[in-house]
Amino acid sequence: MPSLLSTAVSGLVAHRTALSTTGHNISNVNTEGYSRQVADFETNTPFNTGGRGYIGTGTHIDGVRRIVDQFVDAQLRADIESFSSFDARFDKAGLLDGLLANPQTGITGAMNNFFSALQVAADDPTSIPARQVLLTEAGSLVDRFAALNQRITNLNATVNGEFGAYVTQINEIAKGIADLNGRIAAAGNQLDGQKPNDFLDRRDQLIRDLSKLVGVDVVEQSDGSLGVFIGNGQALVLGTTAAQLQVADGIRDPFNKEISIQIGNQRSEITSLITGGKLGGVIQFRQEGLGSVTNELGRIALAIAATFNEQHQLGMDLDDELGRLFFNDINETTLARSRAIPSANNALPSDRVIEVRIDDAGQLTTSDYTLTFNGVAGIDSFAVIRQSDGQQVATGSVAGGLPQTITVDGLEIELTSGSFQLGDSFRLQPTRFAARDLGLAIADPRDIALAQPIRGIANPANQGTGVLSQGEVIDTDPLTAPGFATPLTYTPPLLIRFTSATTYDIMDATDPVNPVTLVAGQPFLPGQENQVFSTDDTQPFPLYTGFTFSVRGNPVAGDEFLIRYNNGGVSDNRNALKLAGIQTTEILGNGSLTLNEAYGNLISRAASQAADARVGRDAAQALLTASEERRSAISRVNLDEEAANLIRFEQAYNANAQVVAVAQELIDTILAAVR
Amino acid sequence: MTLRISTPTVYERGIGQITTLQRQLSDVQQQLSTGLKINRPSDDPVATTQILRIEQEISLTEQYQKNITFLENRLGQEEAHLDSAVEIVQRLRELTIQAADGLLTTADRNSIAIEIRQRLQQLAGIANARDSSGEYIFGGFQGETAPFAQTATGDYRYRGDDGQRFIQVSPSTRIASSDAGSRVFGNIPHNTNTVRTVENLLNSGTGVISQGSIPDQATFDAFYPDDIIVEFTGAGVFEVRNRQTGAVLNGNYNGVPAPPATAPLTGIAYTPGANLEVEGVRVQLTGAPAAGDEFLIESSDTQNLLVTVDKLARGLETFNDVPADIAQLNALLQNTIQSFDFALDNISSVRTEIGARLNSADSLRIFNEDFLGLSAESLSKLRDTDFAKAASELALLSTALQAAQQSFARITGLTLFNFIR
């Protein structure tokens, strides 16, 4: 026969427990990751009266469980990963985005100013102030390239720095999870079937924190511990063991840090395998956003320097000298050598010298290249692989001795000297530092070559109506156009003398009064534009001279046109007009892009990435909020509900106490009867 | 099951809504205060590329407009000089007609010559005009050399070249901003065949050849269009040849043999300043030519305007009232009047060209202005804030924020604990 008193006491005890749980819930209303707990009542084992039925014996708390939904939790984790990744990516892409188009930091303004200054100088080529302004603007352009390059390099450094910070946090959290795994497994071993709710909550919260940093897969083990996997299945936490992530300089690209995981003695690089979380976002930004920006910027700098220098060298300055380099020589030996970076794994001694020269800036890509001695075609053979698409673009061998030169994508790669051997690997970065290395080569405004070094003069005594064009200089290199070998002259001056209305001779006019025929009987079509001199440098002198002219109209026999060095031609702006034309000429990407378009592409790519990341972040944000609210709806505390429970359990407690009083009275009644 | 809502969610959601609204308000406020709806490229990547392209076009076009202004100044300056040149040539033409009056005495002609000299000075001043930065306007590319400086013999010879400077005024158009002196004053068609004289570039001596005159036009016409070379075959000894045939020419030097007799001009001893008469041409050599030096007397049907004026003045100064001189003088005056007519034609045709250039520059300016207007409009469409839209958005968002704040305060005030004592 059960006692009413003990039944009542069981109710008191159970409801006090329930009140405690409610209190615990109320106190943890603002605890991050806390899941509300519910005390489950269960009836005590009934008393069997043997034939007169079972009599209840009260209640007890079967267990305290936390209210969670595994699926909602898993979804929340995925949404955190995705949001954090987009958020980190947007954060960085937004910086880059702002940097490139900002009038204070971008290239556009400086470039427009530079070319405007060039036009002003072209309008008035004898004006020293106009030339000085041009030099100043050129200096600003160079500075702008360097500054922007520096900002992007800094951004790269920031990204690399964040790698370190994130990896430290990940390692801390991994240790925490491993520790909780131990405690939870131990609690599970106590065989009473009860779960350490608060430990579970804390572990779940740690995993959510981890998801903010990096994408993970979570698998529950049979002992209640969780296995946490990163990348494509590398165990970050297994049972009570936490592996450590490490950050180190990249082997392929020493300017980029790489992340590796150390499991036991095994160390593997996993940077490219990491997705999700802030780390995944930052890695993605580095790959997509940052990776080629410096290269594209460098390519633009190289194209300006190469094209401008080339045209400038076809010109003549205010002191009648041939134009020299306007911007620094892009193929200066130190620069050419800095473009090839040997792998740290190359065998000693590190004596290999590779020079990467820019042969045709118009053909340059923004890719890096790897040159590897792979031994495919003999022990001395090597291959060049373009990184952007993984294509093998050239092969070669040093079996024939050094130097060896290969030409690819506008580059001239010369293996100059050293003990190249099987297994050697080099990263070639033709454009990486070009924006930084752009510099001005001239300082004196008089040295700006706005004129052309050649002029043509019609003999005033000409009787026909032939007109000589202004002429175009195409080559001033003394090797191919030896007429320019002696400074301040073109040797010999040339005379075009018509011998009939349809023929002319080209003559050496060193002695203008007694010119000597060099080539006789060149054909002439009256009334048409006739090109004199060839653009084909395989033609002999004086057919190929380094310049071309054209004659139109109807010259008659005896008419002469003298072509000579443009001494004193200070008012000539022909080269300035050509230089100014570079602004609107498609000099990049095999003749498909102007400078401005190339830079515009760079901006629009960065902008698209930032916009893409923002859209992704906003979408992920919405999903994350929804998941959080769902988890919240299921697991988090509602104070009104707890208030109601408080009242409910308090009333029940009071009722049970009343039952105790009744039991007391029953006993008192009995005791009074027997007194 | 009723959907629970946890107490923290009530707060988070309320605060979340308020924050979102505040951010949107701040965005709209930024649009309103900057006037730009695109504040960074990622706001609209496609529009950003368009904006960049338009901005470059605007920058280029603005530069073209400046170039056009510069061009107009340049051409205006040239035009003013040409106007004065025309006035002077017209005055010279009047003077030449006056001088042709058969009643004039030598003294009268001399006084006319004095005014002609003055006008020649003015004309030379124009032909050697400089711009504000000291560049010679009519020198072709030789902007630092006076294009019509006088030689040691006082002759005006063109020292510039045929260079013509162009200015970029639109992406595809360049307009000439200068005209070489050779085009304007240098090569004026001449009524009769004439000569141009020049020292060989390679000469090592200091010999100078005068501009020459043609006292015997008929003989020269017979010789024309061949050229004459005077070559110093040794120290102080020269010979005179036909440049085309190489044949030694006959003539007389320093009055030997006495005209009209002629002798082969070879092995002639040089006397500075002496008259050399050959094939109807008279020139003087001065200075100290070295052995091997050559002087070219080139046949031509054009003549430098300044030379024409100079020859006119010399003729008026030197010819006397004797029938032979008068005949030559009359021929000279006739030819000169013709030359002046040609010169006036020539200068007006240059002026017409300048006018045409100014016209095209002007129409390009208008075109560029239209283009700038259109570009500014597209730019504005792409990146400027639509104020009406933004303002109404601002009002809407403010109301929403207010509502969110009020309801938040109301909802969070409701709790069952208020009723438990």
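Just so it is clear: chains get the letters A, B, ... in the order the sequence lines come, proteins before strands, and each one is counted from 1.
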If we only count heavy atoms from C-beta on, is the Asn25(A) to Tyr34(A) side-chain gap below 4.5 Å?
yes
Between Asn187(B) and chain A, with a heavy-atom cut-off of 4.5 Å, which part of the residue counts as in contact: side chain, backbone, both or neither?
side chain
May I ask you to check whether Thr510(A) and Asp508(A) show a side-chain donor-acceptor distance below 3.5 Å?
yes
Looking at Thr145(B), Val10(B), Thr49(B), Thr48(B), which makes the most heavy-atom pairs under 4.5 Å with chain A?
Thr49(B)
Does the side chain of Ser177(B) reach to within under 4.5 Å of the side chain of Glu78(B), using non-hydrogen atoms?
no
Just wondering, do Phe238(B) and Asp293(B) contact through their side chains at under 4.5 Å, heavy atoms?
no
Please look at Leu52(B) and chain A and tell me whether the side chain, the backbone, both or neither of the residue comes under 4.5 angstrom of a heavy atom of that chain.
both
Indicate yes or no: does Arg74(B) engage Asp131(B) in a salt bridge with an N to O separation below 4.0 Å.
yes
Identify which part of Glu298(B) has an atom lying under 4.5 Å from any heavy atom of chain A, answering side chain, backbone, both or neither.
side chain
Is Asn567(A) close to chain B through its backbone or its side chain, or both, or neither, when contacts mean heavy atoms under 4.5 Å?
backbone
Distance-only polar pair, side chains of Arg196(B) and Thr302(B), donor-acceptor under 3.5 Å:
yes
I'd like to know which of Met111(A), Glu597(A), Glu628(A), Glu641(A) tops the heavy-atom pair count under 4.5 Å against chain B.
Glu641(A)
If you tally heavy-atom pairs under 4.5 Å against chain B, which of Ala644(A), Gly109(A), Pro125(A) wins?
Pro125(A)
Between Phe166(B) and chain A, with a heavy-atom cut-off of 4.5 Å, which part of the residue counts as in contact: side chain, backbone, both or neither?
both
If I measure from the heavy atoms of chain B, does Ile26(A) come under 4.5 Å with its side chain, its backbone, both, or neither?
side chain
Assess, by modelled atom type and distance only, whether the side chains of Gln303(B) and Thr308(B) contain a donor and an acceptor separated by less than 3.5 Å.
yes
When Asn113(A), Ile647(A), Thr108(A), Ile603(A) are compared by non-hydrogen pairs under 4.5 Å with chain B, the top option:
Ile603(A)
Any side-chain heavy atom of Gln63(B) within less than 4.5 Å of one from Val120(A)?
yes
Are side-chain heavy atoms of Arg631(A) and Asp69(A) found at a separation under 4.5 Å?
no
In terms of heavy-atom proximity below 4.5 Å to chain B, should Val637(A) be classed as side chain, backbone, both, or neither?
backbone
Interface check, chain A: of Tyr64(B), Phe70(B), Tyr136(B), Phe295(B), most non-hydrogen pairs under 4.5 Å belong to Phe70(B)
Is there a donor in the side chain of Asn203(B) and an acceptor in the side chain of Glu294(B), or the other way round, less than 3.5 Å apart?
no
Given a strict heavy-atom distance threshold of 4.5 Å, which part of Ala93(A) is in contact with chain B: side chain, backbone, both, or neither?
neither
At a heavy-atom separation under 4.5 Å, does Arg574(A) approach chain B through its side chain, its backbone, both, or neither?
side chain
Which one of Ala576(A), Gly94(A), Ala607(A) has the most heavy-atom pairs closer than 4.5 Å to chain B?
Ala607(A)
Give the member of Glu12(B), Arg174(B), Gln168(B), Arg53(B) that has the highest number of heavy-atom pairs under 4.5 Å with chain A.
Arg174(B)
Hydrogens and angles aside, do Ser375(B) and Glu57(B) bring a side-chain donor and acceptor to less than 3.5 Å of each other?
no
With no hydrogens and no angle check, just 3.5 Å: does a side-chain donor-acceptor pair link Asn645(A) and Thr22(A)?
no
Please classify the contact between Leu646(A) and chain B as side chain, backbone, both or neither, with a heavy-atom cut-off of under 4.5 Å.
side chain
Which one of Gly568(A), Ser127(A), Ala611(A) has the most heavy-atom pairs closer than 4.5 Å to chain B?
Gly568(A)
Contact part of Ile5(B) toward chain A, heavy-atom cut-off under 4.5 Å: side chain, backbone, both or neither?
both
So what's closer than 4.5 Å to chain B heavy atoms on Asp123(A): side chain, backbone, both or neither?
both
Side chain, backbone, both or neither: which part of Ser182(B) has a heavy atom under 4.5 Å from chain A?
neither
Please determine, among Gln56(B), Arg40(B), Gln164(B), Glu231(B), the option with the most heavy-atom pairs under 4.5 Å with chain A.
Gln56(B)
Based on non-hydrogen pairs under 4.5 Å, which of Arg13(B), Glu55(B), Gln244(B) is most in contact with chain A?
Arg13(B)
Tell me, side chain or backbone of Asp43(B) under 4.5 Å from chain A's heavy atoms, or both, or neither?
both
Arg241(B) and Asp226(B) ion-paired at < 4.0 Å:
no
Less than 4.5 Å apart, side chain to side chain, heavy atoms only: is that true for Leu562(A) and Asn459(A)?
no
Tell me whether the count of non-hydrogen atoms from other residues, nucleotides or ligands lying under 6.0 Å of CZ in Arg630(A) goes above 12.
no
So which part of Glu135(B) gets closer than 4.5 Å to some heavy atom of chain A, the side chain, the backbone, both or neither?
side chain
Does the side chain of Asn73(B) reach to within under 4.5 Å of the side chain of Gln77(B), using non-hydrogen atoms?
no
What part of Thr584(A) lies closer than 4.5 angstrom to a heavy atom of chain B: side chain, backbone, both or neither?
side chain
As an exercise: rank Glu642(A), Gln583(A), Gln609(A) by heavy-atom pairs under 4.5 Å with chain B and give me the winner.
Gln583(A)
Toward chain A, the part of Ile51(B) with a non-hydrogen atom under 4.5 Å
neither
